Amino acid sequence: MAQKNRDLALAATQAFRSAPLGHFYQGKAVSGAGPVYDVIEPATGGVLGQLHDATEEELNAAVGASRDAFEIWSKTPGAERRRALNRLADLIEKHADEIAAVECMDAGQCWRYMSQAALRGANNFRFFADMAPSASNGQSLPTPEHLNVTSRSPIGPVGVITPWNTPFMLSTWKIAPALAAGCTVVHKPAEWAPYSARMLVELAHDAGIPDGVYNLVNGLGETTGKRLTEHPDIKAVAFVGESRTGSMIMKQGADTLKRVHFELGGKNPVIVFADADLERALDAVVFMIYSLNGQRCTSSSRVLIEESIHDVFVEKLAQRVANLKVGDPFDPKTEVGPLVHARHFEKVCSYMDIAREDGAAIRVGGNPVSMNGGYFVQPTLFTGANNQMRVAQEEIFGPVLTALPFTDEADAIKQANDVIYGLAGYVWTENHGRALRVSQALEAGMVWVNSQNVRHLPTPFGGVKASGIGRDGGDWSFDFYMETKNIAFAMGEHKIPRLGA
Ligand code: NAD
């Protein structure tokens, strides 16, 4: 099965890897003339292919294509946009296995999770496709003298910049609402895992999405990404990535007053009270940090455990962590795969020393795993830590969990909120009053009570503090990709002051 999945990924990307990967705009593949960088396979450290950084001319051409196409796509009836996006969803479903295998290949994500990720991407298109016909709907806000009517229109060509952790799903999460709203898109995917984004833009072309509506440029963040965010014809930037990159993008976009939407990092707490269903809480804690190789923005990377159950819970946790199956991401049995890149591997490994220096104990793991030259680390559990330590404060973004004891509800809330981030929080308790109090008190954009992270597309997704600006999901997405206009119709002869009469 593992070999079959690997062959599938290699075959699906053969055409993109036989020469340095270029771009795709105005409905055509563009071979690329900029500098070339290697794309590395996380599971082996081997070179999969190369990728071109877009030149300024190429970036300008892609933006120009999106600007020209906006004139037509923004006026295309919503029902027609819905049909086009549903055709794309059909094609994603048809190619779901190839897409999943490609995510295993260049992002190092495990097959057991990725086999669903492509289907979730298709769902994102279907969900927003259905909303396209009503995207421009507004409100009627009458007064005795005026009928105020609001409506929405797409903001213009938008830049979408995505990270490498679950590249396909995250791209669809941004691109689907933008296209449904009537915007055109220039997408710059992450340079470390670029192949599924190229598959998506080609499928969109095959689905009949008109030329120039959806364009892709490859390249580095500091060159191509930066130029995209600075381009005056790009009206908004939807960005998913690190908090410090979000801050750079805000500066880069300042001169052109760019509208920005940021989904950034997290150091999400999962709070386990003594009265919780501890077996289910344990399952959720382990799943939410060690799935997706810990490279997940909503991962529960800090587990706060009530003192009275701390030692027992940690003991059970340690057994589960030690049992996790690290291995080939193409193998359906693998639970934890490799980290995406040597640079990220070094970052994650550096936290093993940081933990020791700060006085935490490495209860499980703590070492690299030597396997086929890939970037594997042991699933790791830090104990004996406190919330001021770097392993409790900083986003490590690997299969690494920090356990922290708390004394009571107030202490749990204080520790949970005492970080710069505020993306997600998880609360485990059978006491309903406490569940309500704690979930209200958490500084987070999203809280799950007695639950792992289960997404429902109409609900808002996003973070507070250093975890983001804005919300995705349902109508929140359209608020970002669209401008609202109010038109006031006078219903009679209201008073107009007569100056100079
Ligand atoms: P990153 O910020 O390094 O890169 C993300 C993207 O930004 C890449 O395409 C990169 O090329 C580009 N980029 C880098 N510098 C840029 C610049 N100056 N201008 C424009 N673009 C630039 O993030 P990453 O390491 O790829 O991804 C991991 C991060 O993403 C983690 O912090 C994780 O929490 C976050 N993330 C957040 C969410 C969420 O929904 N909140 C989801 C997934 C990942």
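Atoms within a ligand are numbered from 1 in the order they appear, just like the ligands themselves. Quick caveat: nothing in here was measured; it's all calculated off a predicted structure. Just the heavy atoms: all of them, side chains too, but no hydrogens, waters or symmetry mates, feed the values below.
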Counting only pairs under 3.5 Å, give me each side-chain donor-acceptor contact of residues 39-47, with atom names and distances, residues two or more places apart or in other chains.
unit_1 : atom_1 : unit_2 : atom_2 : d
Glu41  : OE1    : Arg6   : NH2    : 2.5
Glu41  : OE1    : Thr44  : OG1    : 3.3
Glu41  : OE2    : Arg6   : NE     : 3.3
Glu41  : OE2    : Arg6   : NH2    : 3.1
Thr44  : OG1    : Gly46  : N      : 3.0

- Query: Heavy atoms under 4.0 Å from ligand 1: which residues qualify?
  - Reply: Ile161, Thr162, Pro163, Trp164, Asn165, Leu170, Lys188, Pro189, Ala190, Glu191, Gly221, Gly225, Lys226, Phe239, Val240, Gly241, Glu242, Thr245, Ile249, Gln252, Glu263, Leu264, Gly265, Cys297, Glu395, Phe397, Leu423, Phe461

- Message: For Phe330 and Trp111, I'd like to know if the aromatic rings sit close, meaning centre-to-centre distance below 6.0 Å.
- Response: no

- Query: Can you find a side-chain donor-acceptor pair between Ser477 and Asp472 that sits under 3.5 Å?
  - Reply: yes

- Query: Any idea how His261 and Phe480 line up, ring-wise: parallel (<30°), tilted (30 to 60°), or perpendicular (>60°)?
  - Reply: perpendicular

Pair up each side-chain donor or acceptor in residues 337-346 with any protein partner under 3.5 Å, not counting sequence neighbours, and list the distances.
unit_1 : atom_1 : unit_2 : atom_2 : d
His341 : ND1    : Arg343 : N      : 3.1
His341 : NE2    : Trp192 : NE1    : 3.4
His344 : NE2    : Phe397 : O      : 2.7

- Sorted by chain and residue number, the side-chain hydrogen bond (donor to acceptor under 3.5 Å, both in side chains) partners of Asn453 (sequence neighbours excluded) come out as Thr298

